[in-house]
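Report on the structure given below.
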Amino acid sequence: MSTTSPQQRPGTGAAAPTTGAPAPTPAPAAAPTAASVTTLVAVFAALKLSLLRNGLRQSSGRRAAYLASVVVVGLVAALQLLGLVALRGHEHAAALVTTLTAVLALGWAVMPLFFPGGDETLDATRLVMLPLRPQSLVVALLVTSLIGIGPLFTLALAVGSVVAVAHGAAAAAVAVLAVLLTMLVCVALARMVATANIRLLTSRKGRDLALLSGLFIAVGAQAVNLGTQKLSDAGGLGALEPVADVLRWVPPAAAVDAVWSAGEGSYGVAAAQLALTVTFLVAVGWSWQRGLTALMTSPDASTIQAPGERRVRARAGGLAGLLPAGRSGTAFHRTLQYAWRDPKTKASWATALGIGLLLPVVMMVQGNGSVYSACWASGLLGMQMYNQFGQDSSAFWMVAQTISTPRDAYLELRGRAQALALVAVPYLTLVVVGSAALLDGWDALAETLGLALALLGALLATGSIASARYPYSIPQDSGYKNVVPGQGALAWISILGGSLVGALLCAPLVALTIWLHVAGHHGFLWLVLPLGAAYGYGTAQAGLRLAAPQTAGRLPEILAAVSRG
């Protein structure tokens, strides 16, 4: 990180000793001058613009997507700005903008964890070989980070927030500092988090985390939805006052609240809030600098000498030791391994599990909760049975080589369905029992669980058939696409059509439940549970039997369909 002799090892910050002579003591590096920092900032800004320009030159689709993003973000930012300005003079405006600024800073802090590939300049490991000092590098990266769509959106919100609460000349002067501090704190937080976790984020586990971002975004969107509804039920923005009383001392929300304090004549409080924000910014910058120094001077897996050859013992314990021998046990184990190791499959499973738990809670909070809403969990998890062979991608050809008869296909599909059922059955029981506890609907527990199990079995059946009849390829080069171009119709037929047929297959059990309610035979509703379990098992078995000969007979077509990605 400092100027060293020509024998210095790249990225180590220490000179390599010469054989037979003591290692020379490097002279202390001079502090970076203002001119050198300014030059570095200009170079990094030019590099950032070059990266953006060259990225847009790659394809017309990328240019169109970027321009569309600019237009959409610009419109949303303009509307947010106008809405905040319209709140000027509102008695609870300070509470809103303080809370909004805190949420905005939180978003900046966590977004690098879920979208590490969104900005190539977040990867500081690309600068390891450059002779840059940490102080200059922090300043250059901080200024460069202010270029982009995200900072523009943040600037609009920050300006609108201070305009909403600024009254008087003193408040206007503080507002300028508040906007600057808010921008710098948000960007510095994102940089610090990205630097501290960059080696994780650029690894396979980091990419898995990025694929799971959809689940967190879904949960966050529901949280915002519920928060908005609660504000409406509570009579407006006044419900934010208790939260704002705490957040007004949390940077960078403290800087925005300082504008309100200055407008009210509380100059001491405003000065304390600004000082707190400046102190926090300095602390974040110091932590970021230390992280950069550690990142650029400590070895990683590529520079550590490989250890001696280790003896690996094959273990037959764990889940693999409990599974039955044969093809079904192998398919069972392979399916669970894919669900744990493959990023796409893991994201699909995690999303289904998370949203299945979330939906009953959201419906309860919104006032239209029902124990029967737990059946959504059965539907979401049962749809994991669809496109089973497409989930294998190009690796399915290895499985296809071992399928020569309908019996082989049946055992393969049965093992996959058993793996899904191993997770789904206890999960559905948990969701149904939890919903009954939250809604005090214990009288509907048995019938709801029976219907959920029946729906799960029906979806396992239709999913097996759809996997054989309508397979499609899942692209592996994109974390956000689940169907290759040209196969969208196949995906819709498979998932939408199969799920509708699966729901219709449950019609007899649904009709029985309704008849028991209408006829007043509530004492017999518990029979829906064993009947639903048996119906689901029988339906699943029938679907597997029907799908097996179709799978064995259509192997060339399945291979061609799933290998397009």
Side-chain angles (χ1 to χ4, degrees), residues 76-77 79-81 83-111 113 153-167 171 174-175 177-179 181-186 188-190 193 216-266 268-281 283-284 358 361-362 364-367:
V76 174
L79 292 175
Q80 294 286 345
L81 177 61
L84 290 170
V85 172
L87 286 175
R88 182 177 174 84
H90 194 283
E91 59 176 333
H92 300 300
L96 173 64
V97 299
T98 301
T99 306
L100 179 64
T101 305
V103 172
L104 184 65
L106 178 63
W108 272 92
V110 301
M111 278 301 105
L113 297 176
F153 180 78
T154 304
L155 178 63
L157 290 185
V159 170
S161 298
V162 297
V163 169
V165 295
H167 301 284
V174 174
L177 291 175
V179 170
L181 288 174
T182 299
M183 295 291 298
L184 292 178
V185 167
C186 289
L189 270 176
V193 172
F216 291 93
I217 292 174
V219 173
Q222 288 297 333
V224 172
N225 180 34
L226 293 177
T228 305
Q229 182 177 351
K230 284 295 182 183
L231 285 178
S232 301
D233 296 341
L237 300 177
L240 291 174
E241 290 291 349
V243 179
D245 288 340
V246 177
L247 295 178
R248 66 194 303 251
W249 294 104
V250 177
V256 174
D257 194 78
V259 180
W260 172 265
S261 300
E264 294 294 305
S266 303
V269 174
Q273 290 173 315
L274 289 176
L276 178 63
T277 307
V278 171
T279 303
F280 181 76
L281 177 61
V284 170
L358 182 65
V361 177
V362 172
M364 181 196 69
V365 173
Q366 291 178 339

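The analysis underlying the following values was restricted to heavy atoms, covering all of them including side chains, and did not include hydrogens, waters or symmetry mates.
Listed here is the closest heavy atom pair of Gln273 and Ser261: OE1-OG, 3.1 Å. Taking each heavy atom of Ala175 and Val259 in turn, the nearest pair found is CA-CG2, 3.6 Å. Nearest heavy atoms, Ala178 versus Ala255: CB-O, 3.3 Å. Leu87 approaches Leu96 most closely through the heavy-atom pair CD1-CD2, 3.0 Å. Here the closest heavy-atom approach between residue Leu181 and residue Leu274 is recorded as CD1-CD2, 4.0 Å. When all heavy atoms of Ala262 and Ala270 are compared, the pair lying nearest together is N-CB, 3.9 Å.
Residues that satisfy the side-chain hydrogen bond (donor to acceptor under 3.5 Å, both in side chains) test with Thr154, not counting sequence neighbours, are Trp108. Residues passing the side-chain contact (heavy atoms from CB on, under 4.5 Å) test with Val284 are Ala188, Leu189, Met192, Phe280, sequence neighbours excluded. Listed by chain and number, the residues in a side-chain hydrogen bond (donor to acceptor under 3.5 Å, both in side chains) with Thr182 amount to none (sequence neighbours excluded).
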Exercise for review: Show your reasoning for whether side-chain contact (heavy atoms from CB on, under 4.5 Å) applies to Trp260 and Val269.
Suggested key: CA-CA 10 Å; Trp260 172 265; Val269 174; over 6 Å; no
Table please: side-chain donor-acceptor pairs of residues 155-166 below 3.5 Å, with sequence neighbours left out.
unit_1, atom_1, unit_2, atom_2, d
Ser161, OG, Leu157, O, 2.7

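Among pairs with a residue in residues 247-257, those fulfilling salt bridge (charged side-chain N to carboxylate O under 4.0 Å, His left out) read Arg248-Asp257, at least two apart in sequence or across chains.
The structure places CG of Leu81 at 10.5 Å from CZ of Phe153, a figure rounded to the nearest 0.5 Å. For the atom pair CG of Leu104 and CE of Met183, the computed distance is 9.0 Å after rounding to the nearest 0.5 Å.
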